[in-house]
Each structure stands twice: as C-alpha cells, then as structure tokens.
A.B. asks: 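Shown below is the structure under consideration.
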Amino acid sequence: MGIGSSIFLIALGAILAFAVDANLGWLSLNTVGWVLMLAGLVGLIMTAYFWNTRRRTVVAAPRERVVQERVVPVRDDRVVQEYREVRHPGRQV
C-alpha cells in the first residue's frame, strides 16, 4: 500500500466516521470509518518503514583485480643469476 492509498483510506474513514449520519441498521458507518482510518494509518506507517529501510546504502566489498604479468622475451637461452646481499640494521659483520 502506498502513501496515496493510505491517505485516501484515512480521508474516507474520517468522512464516514465524522461526517455521515446514516443508519443502515445492521452496519454502523461510524465503525467502518474508524476501521478504514486505522487501516490507512497502518498502511502509512508500513510504507514509511519500508521506504526508510530501502534508502540505506550498502557498501559492497571491493573487487579484486587480476593483473596479467608482463611477459619477458627470452633471448639466446642465457641464464641470468642474481646476487642479493641483505644487511639487517644493528648487526655488524
């Protein structure tokens, strides 16, 4: 039920409860008016609640990017050896 239909039910219920003075015998229009106003109020509250929960922002987890490694061309089947010296601070050799 939307806001417009809820307000319509409240207005129709108020008209039946306060403005109409008719007696149908087995049906009380005052009671029908109060029931319509109550249904419109419940619909208005539920619509406002669902609109409030729908407007919350959801932060998605960041996507992982897969990066392709660069291909290094091999020339003449040469083998390259790497020498790396690591010195730790505080140690004297």
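Residue numbers run from 1 in the order of the sequence given.
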A.B. asks: State the CE-CD1 distance between Met37 and Ile15, to the nearest 0.5 angstrom.
C.D. replies: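 Result: 10.5 Å between the selected atoms.
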A.B. asks: Determine the minimum heavy-atom distance between Gly40 and Ser6, stating which atoms define it.
C.D. replies: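 Smallest interatomic distance, heavy atoms only, reads O-CB, 3.4 Å.
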A.B. asks: Examine Val20 and Leu9 and state if one hydrophobic cluster contains both, with Ile, Leu, Val, Met, Phe, Trp and Tyr joined whenever side-chain heavy atoms are less than 4.5 Å apart.
C.D. replies: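 Yes: a chain of side-chain contacts under 4.5 Å links Val20 to Leu9.
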A.B. asks: If hydrophobic clusters are built from ILVMFWY residues whose side chains come within less than 4.5 Å, do Leu24 and Val32 share one?
C.D. replies: yes
A.B. asks: Kindly compute the distance separating CD1 (Ile10) from CG (Leu36), expressed to the nearest 0.5 Å.
C.D. replies: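 Atom-to-atom, Ile10:CD1 and Leu36:CG are 10.5 Å apart.
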A.B. asks: Please report the interatomic distance CD1(Ile3) to CH2(Trp51), rounded to the nearest 0.5 Å.
C.D. replies: 4.0 Å
A.B. asks: In terms of hydrophobic clustering (I, L, V, M, F, W, Y; side-chain heavy atoms under 4.5 Å; direct or indirect links), are Ile45 and Phe50 co-clustered?
C.D. replies: no
A.B. asks: Is there side-chain contact between Asn30 and Leu16, with heavy atoms separated by less than 4.5 Å?
C.D. replies: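 Contact flag for Asn30/Leu16 side chains = no.
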